[in-house]
Amino acid sequence: MNHEFAWDELALLWNANNFGAVHDWLGERWNHLIQSRPGGHDDPDAQFLQGLAFAALAFHFTQNHNQDGAALLGDDALAVLPKFVPAYRGVALGPILETLNTLRPQLDGLDREADCPMQPFVFNKFEYRMMN
């Protein structure tokens with residue numbers, strides 16, 4: 001089942017700080033899962049992809065002067081992703097959660113259109129291992 005997720009593609013986008021494209025990549029796969037699997041939104045793979053998409057949007061929003069959106073999506077990611085620690089489908093959650101936990105408190109009290117509080121925006125790379 002892991003063949004559905006080409007993590008190498010996602011890692012290239014993530015590690016290039018192209019979080020808008022990361023969100024689109026995840027959204028395509030999430031949409032397919034919720035339509036094709038019996039569990040729909042409750043499917044664990046769909047929930048995992050949604051949690052990653054929340055994180056990606058938080059990272060995208062904070063760099064694009066949408067601090068309210070970054071905080072909201074950061075909270076959503078932090079509500080979903082810890083269920084999959086330490087790794088899910090080969091993806092290490094520690095680095096993603098570390099970046100979220102560093103960013104999220106810095107968003108509190110910022111003006112909604114403020115600059116990203118992390119200058120430069122430093123994030124952990126996407127880590128995964130291929131599963132057989």
**Q** Check Val80 against Gly51 and note the closest heavy-atom contact, atom names and distance.
**A** CG1-CA, 3.8 Å
**Q** Do Leu26 and His23 make a side-chain contact, defined as non-hydrogen atoms from C-beta onward lying under 4.5 Å apart?
**A** no
**Q** Using only atom types and a distance under 3.5 Å, with no angle test, would you say the side chain of Asn124 pairs donor to acceptor with the backbone of Pro95?
**A** yes
**Q** Go through the side-chain N and O atoms of Asp8 and Tyr128 and say whether any donor and acceptor fall under 3.5 Å apart.
**A** no
**Q** Of the non-hydrogen atoms in Ala6 and Trp25, which two are nearest, and what is the gap between them?
**A** O-CZ2, 3.3 Å
**Q** Does any non-hydrogen side-chain atom of Gln47 lie less than 4.5 Å from one of Phe84?
**A** yes
**Q** Could you check whether any side-chain N or O of Gln67 sits under 3.5 Å from a backbone N or O of Ala114, counting only pairs where one atom can act as donor and the other as acceptor?
**A** yes
**Q** Is there a donor-acceptor contact under 3.5 Å from the side chain of Asp43 to the main chain of Gly39?
**A** no
**Q** Do side-chain atoms of Asn15 reach the backbone of Ala11 as a donor and acceptor pair under 3.5 angstrom?
**A** yes
**Q** If you take all heavy atoms of Ala87 and Leu93, which pair is closest and at what distance?
**A** CA-CD2, 3.9 Å
**Q** If I take atom SG from residue Cys116 and atom CZ from residue Phe59, how far apart are they, to the nearest 0.5 angstrom?
**A** 10.5 Å
**Q** So do the side chains of Asp115 and Leu110 get within less than 4.5 Å of each other, counting heavy atoms only?
**A** no
**Q** Is any side-chain heavy atom of Asn66 closer than 4.5 Å to a side-chain heavy atom of Glu113?
**A** no
**Q** Please give me the minimum heavy-atom distance between Gln106 and Pro117, naming the atom from each residue.
**A** OE1-O, 3.5 Å
**Q** Between the main-chain N or O of Ala58 and the side-chain N or O of Thr62, is there a donor-acceptor pair closer than 3.5 Å?
**A** no
**Q** Between Trp7 and Phe126, how do the two ring planes meet: parallel, tilted or perpendicular, split at 30° and 60°?
**A** tilted
**Q** State which residue, out of Gln50, Arg89, Arg29, fulfils the side chain to side chain donor-acceptor pair (under 3.5 Å) condition with Asp45.
**A** Arg89
**Q** Run the side-chain contact (heavy atoms from CB on, under 4.5 Å) test on Ile96 and Val91 for me, step by step, so that the C-alpha distance in whole Å, both residues' side-chain angles and the decisive distance to 0.1 Å come before the verdict.
**A** CA-CA 10 Å; Ile96 297 166; Val91 176; 4.3 Å; yes
**Q** If two hydrophobic side chains count as joined below 4.5 Å and joins carry through other members, does Phe5 share a cluster with Leu12?
**A** no
**Q** Report the distance from atom CG of Leu52 to atom CG of Leu57, rounding to the nearest 0.5 Å.
**A** 11.5 Å
**Q** So, for His41 and Trp30, is the gap between ring centers shorter than 6.0 Å?
**A** yes
**Q** Is there side-chain contact between Leu103 and Met118, with heavy atoms separated by less than 4.5 Å?
**A** yes
**Q** In the structure I gave you, are the side-chain heavy atoms of Leu100 and Leu97 within less than 4.5 Å of one another anywhere?
**A** yes
**Q** If you compare all heavy atoms of Trp14 against all heavy atoms of Ala56, which two are closest, and at what distance to 0.1 Å?
**A** CZ3-CB, 4.5 Å
**Q** If you look at every heavy atom in Asn64 and His60, which pair is closest and at what distance?
**A** ND2-O, 2.7 Å
**Q** Please tell me whether Phe123 and Phe19 form a close aromatic pair, meaning their ring centres lie under 6.0 Å apart.
**A** yes
